[in-house]
Amino acid sequence: MSYDFTAIEKKWQEYWKTHKSFAAIEPERAGGMPKKYVLDMFPYPSGAGLHVGHVENYAATDIISRYFRMRGFNVLHPTGWDAFGLPAEQYAIKNNRHPREFTAANIANFRRQIQMLGLSYDWDREIDTTDPKYYKWTQWIFLKLFNSYFDPVDKKAKSISHLIHELEQDNFVVAPDGSVKRNPVMEGMEAISGDVQLERKWRELSVEEKNDVIDGMRLAYTDEAPVNWCPALGTVLANEEVIDGRSEVGGFPVERRPMRQWMLRITAYADRLLDDLNLLDWPESLKQMQRNWIGRSVGAEVDFEVAASKRDEGQGDEEDGEGITVFTTRPDTLFGATYMVLAPEHPLVEKITTAEQKAAVNAYREQCAGRSERDRMADAKDKSGVFTGAYAINPVNEAAIPIFIADYVLMGYGTGAIMAVPAHDQRDFEFAKKFNLSIKPVVKPIKGDLPDDAAFEEEGTAINSPVIDGLTTAKAKEQMIAALERDGVGHGTVKYKLRDWLFSRQRYWGEPFPIVLDTQERAYGIDEAELPLELPSIEDYKPTGTPEPPLSKAKDWVKYENPRIAMRGLLRETNTMPQWAGSCWYYLRFLDPNNSQAPVDPKKEAYWMPVDLYVGGVEHAVLHLLYARFWHKVLFDLGVVSQPEPFGRLVNQGLILGETEYHAFYTADGNVVTASEAKEIGEEATDAGVKLMAIHAKTSEKLIGQRVGEEDVEKTANGFRLKSNPNMRVDARAFKMSKSRGNVASPDDLVREYGADALRLYVMYMGPLEMQKPWNTRDIIGMSRFLSSVWRNLAEKPVDANAAMSDALQGQMHRTIKKVAEDTEALRFNTAIAELIKLNNEITALPAVPKSLAENLALMVAPFAPHLAEELWQRLGHGESLAHYAWPSFDPAKLVESTMELPVQVNGKLRGKIVVPVDAGEADILARAAGDSEVQPWLAGKTVRKQIYVAKKLVNFVVG
RNA sequence: GCGGGCGUGGCGGAAUAGGUAGACGCGCGGGUCUCAAAAACCCGUUCCCACAAGGAUUGUCGGUUCGAUUCCGACCGCCCGCACCA
């Protein structure tokens, strides 16, 4: 008989709820209590309900939270609903329901499912990003972004009013491109170059120009630029939301088109986002993903002149002097530049192309424009391009080099133009080979020769380069940059792959921007007092399929009236914020969820932040985790928060795959195929669901995977084979859980059948938290048996307060206490559970259980299987919940045993074992080992050349 | 192509400052209890050999060492991320 988990789990969930057992203590009442902030990536309440991946995530943080409460920490462990945005809205449209109503229903379902797992959340802090009381502060933060700029001198965000002050004082001047820089004269520098003369002071600008300068500095700004438009979703997307030319949500094609959009100036923070990764205890792979995404490269910009003589002869000389700036990370190879390439979209292409090349160039540009990013990437191997007819002058040696356009140079990175050094860049090498361009080596390997069928891309020693010959690559770069700067033809610089964050969406279900636009489309922030700006209820919320957002249909809402503003014809911004907005700062709101005066009270923020443990999936590596760090840094600069980074320690739980499947491959006419003949195994959707497909290695024939049962296969030296047909090899693999594969495990069913405690335990016992692992429902029974056994041992067997424990049992109890604590803190839940099972197995053999042992086991089980533990604790005679009862302590003296077993090896092979007192001397031990009856035959008649005794580990005799 | 991770029984996985490989769970085999079954409990379970004795064994091959799952080198396979980023 198993214990009645359904009743017990319900009972304790109600107890915790009514007693508010897991309410975090407010800082002002916490005394000297140390804190732990344990956070989950809060869920999107999708229509699909809870996934076992959620269970893995939340069980892990719940165990940690419960453990730390028992260790005397003031634990903050909250949750909420990230309910705005595309995924939720897509579900709503698919189910033909209004997002507001649908979201409410989904939240209710998620809450029920989460509560049935017995998670120790502080429910008084539950937040919902779609609640106006919450998004009021999302809008407030947006206004902060809108009203701030990134100070180029102090490298931090400051208010726009401060910027205006600096400009009025002439501390800053305005450059010809509209950017703002420190006034060189105010720094005590003489204006030396002609450029400085072009910089203008604030008072020299018209009102319109002043507004343009300010708007150009804001951290939130509008820009008319080519963006990722997704027709199927009816909205634009951020770069981070586009994967291989398709939308992350839904996998729909994405195209580039110019549109006016809201952008956030995340690029200003590129260096800080990069550098501060070093402060974080995050998985190295995740940090690396962020580093790659930011994509910092150090190099130089070099200015090339376009050669006059090669251009249209009819033009006068004054027209010449057209310059092209290129970016390179290898300025040391400048002497090896034998041609130049512009991106097809480069604005100078039109100007420099000669009459005879015009037709070819235009044809190529058109061809490129018509191709999707996907197509362009597909044939990266095969270089294409066209000669413009123009030549550029290499500033270091006056060499005239031909200018090409080619789609392997992207307008979106660097300057959209490169100097091509085919000897030292593989792409340039391939292009040069194809177009028969000269290849000039300027770097020689430290050892060995230059390859003749590829570019030499490594570092080496400069050759054929007058100013830098003989220098190593690092030195040569330095020298070359110095020379370029001295001659005014280039300068050292840093480029990033990171682009500004496209922040507006043409969708209904998101936070409205707290912005109004005048007739010229200039943006103004509304008053803080007008927040929250509520999302109007409209019936027709569906995307229009055009760039016109659905909110524009709320005609009355769009019209903006404010008696204090004289301007007429103001209209509200009708775009909405993207799904990431609410999750960019939710971890702060948990600290102070009901504050109506500020997003968070600074005193509370100072106490709780940073997050001590953050657990979630790796899929947000360059989305939520990058965006939230960016917002946090802005809030840090503006004094809203006290820490430079929000999440100290972060762990990604590994993906839980579906159950392992076995597939045998057949040809279309039913012939047997071996695994080695089946290549490129992948999935394909068919009418009957998703099928496993493969290609025949020799015939390229399409092979169909036939699912076979585990019991039908057997293992051989090189894989599995079918029992019924030994020639047939079988492929064993686990797939991502998906509805179409029909391999989704349902938490509802599992809890009903095995109980929440057993499910939690199983998910934690499957393997290391961070590792990807296949699901196997069959295995849950083991955890179910363990819990029933604990129940029988502690609730049904006599518990004896006076029973003495044997030394061995006592030793094991204390070792278990130590190991479970260590493993839990290190998030090694699988081995912690194994120790608990071992201790319980010992108890099973006892006729009666010593009370201290029973209590300690109940306490140690509590973080993992809290319902059962509470019930047992109560039955052991305790009136209160064990949620805050002290974790058992171990006695180091009890860990030591009086004797030990030592393995005895002869020539490294195990031949016997001896049991000796722990304090036995080496000579003693060696004598005992040599005399052991198991060992003796292996030593007889041989010379012992060496005796090795590793203290408390083993004995090894080397014989000849 | 670049970067990161991984490879251990029938399955999930333990164990690495080098020291008894396979903890713990599943599955499987046998037993106890029972009229029977379930549940529970006990025993066994890496492979080879009928058993024992013995031998082999942590993807493959090699190296260092008294001793290698652990360290080094080469190779094979799988997974993840990035990718014409100049």
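In this text the structure is predicted, and so the values were computed from the model without any measurement. All chains are named by letter (A, B, ...) in the order of the sequence lines, taking the proteins before the strands, and each is independently numbered beginning at 1.
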Examine [N]: is either OP1 or OP2 under 4.0 Å from a nitrogen or oxygen in the side chain of [X]? Give yes or no.
X      : N     : result
A:R792 : B:C41 : yes
A:R828 : B:A15 : no
A:K909 : B:A56 : yes
A:S788 : B:A40 : no
A:Y765 : B:G25 : no
A:N841 : B:G25 : yes

**Study point:** Position toward the 5' end of RNA chain B (nearest nucleotide), A:A845 or A:K773
**Key:**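 Comparing both residues, the 5'-ward one is A:K773.
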Exercise for review: By nearest nucleotide on RNA chain B, pick out whichever of A:G782 and A:K913 is the more 5' one.
Suggested key: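 Looking at RNA chain B, the more 5' nearest nucleotide goes with A:K913.
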Residue [X], side-chain heavy atoms: nucleotide from [options] that is nearest:
X      : options             : result
A:F327 : B:C11, B:A86, B:C82 : B:A86
A:T329 : B:C24, B:A86, B:G13 : B:A86
A:P903 : B:C84, B:A56, B:U20 : B:U20
A:S789 : B:G3, B:C41, B:C82  : B:C41
A:I781 : B:C26, B:G54, B:G25 : B:C26
A:W938 : B:A86, B:U20, B:G55 : B:G55
A:Y413 : B:C79, B:C84, B:A86 : B:A86
A:R778 : B:G10, B:G54, B:G12 : B:G10
A:K953 : B:C24, B:G19, B:C79 : B:G19
A:N830 : B:C24, B:A86, B:G13 : B:G13

Check your understanding: Between A:Y762 and A:W775, is the ring centre distance below 6.0 Å?
Key ->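 Here the rings of A:W775 and A:Y762 have centres that are less than 6.0 Å from each other.
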Point to revise | Ring centers of A:Y339, A:F435 separated by less than 6.0 Å | key: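 A:Y339 vs A:F435: aromatic centres not under 6.0 Å.
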I'd like the [atom1] distance from [M] over to [N], given in whole Å.
N     : M     : atom1 : result
B:C84 : B:C78 : P     : 24 Å
B:U57 : B:C48 : C1'   : 11 Å
B:U60 : B:A52 : C1'   : 33 Å
B:G67 : B:A14 : P     : 29 Å
B:G22 : B:U16 : C1'   : 14 Å
B:G13 : B:C26 : C1'   : 11 Å
B:G5  : B:C72 : P     : 13 Å
B:U65 : B:G73 : C1'   : 16 Å

Distance check needed: [N] [atom2] versus [X] [atom1], whole Å only.
X      : N     : atom1 : atom2 : answer
A:K287 : B:C82 : NZ    : P     : 19 Å
A:N292 : B:G4  : CG    : C1'   : 10 Å
A:L769 : B:G13 : CG    : P     : 13 Å
A:F429 : B:G1  : CZ    : P     : 17 Å
A:N652 : B:G4  : CG    : P     : 17 Å
A:L910 : B:G54 : CG    : P     : 11 Å
A:I403 : B:A86 : CD1   : P     : 22 Å
A:E659 : B:G27 : CD    : P     : 13 Å

Paired with [N] by Watson-Crick or G-U wobble geometry, both distances under 3.5 Å: which nucleotide is it?
N     : value
B:G18 : none
B:G12 : B:C24
B:G81 : B:C2
B:C75 : B:G59

Check your understanding: A:T473 versus A:V443: any side-chain heavy-atom pair under 4.5 Å?
Key ->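 Yes, their side chains come closer than 4.5 Å.
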Review point. Heavy atoms, side chains only, cut-off 4.5 Å: are A:K495 and A:V298 in contact?
Key: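 The answer is no, as the side chains (C-beta and beyond) never meet within the 4.5 Å cut-off.
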Check your understanding: Listed by chain and number, what are the side-chain hydrogen bond (donor to acceptor under 3.5 Å, both in side chains) partners of A:H663, not counting sequence neighbours?
Key ->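 side-chain hydrogen bond (donor to acceptor under 3.5 Å, both in side chains) list for A:H663, sorted by chain: A:E661.
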Exercise for review: Please indicate whether A:K953 has more than 12 foreign heavy atoms, meaning atoms of other residues, nucleotides or ligands, lying under 6.0 Å from its NZ.
Suggested key: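 No, not enclosed.
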Classify [X] by what it touches in the nucleic acid, base, sugar-phosphate, or nothing, heavy-atom distance under 4.0 Å.
X      : value
A:E835 : nothing
A:P768 : sugar-phosphate
A:R785 : sugar-phosphate

Would you check if there is a donor-acceptor pair between the side chains of [Y] and [X] at a distance under 3.5 Å?
X      : Y      : value
A:Y413 : A:S297 : yes
A:Y408 : A:S384 : no
A:D271 : A:Y496 : yes
A:E240 : A:W293 : yes

Point to revise | Main-chain N/O of A:V849 paired to A:K797 side chain as donor or acceptor, under 3.5 Å | key: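 No: the side chain of A:K797 does not pair with the backbone of A:V849.
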Practice item. Assign B:G9 to syn or anti; the rule is syn for a glycosidic angle within 90° of 0 and anti otherwise. Key: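 What B:G9 shows is a syn base, its glycosidic angle lying within 90° of 0.
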Would you tabulate the nitrogen or oxygen pairs shorter than 3.5 Å linking the protein to nucleotides 65-74 of chain B?
from: B:C66; atom 1: O2; to: A:N956; atom 2: ND2; distance (Å): 2.5

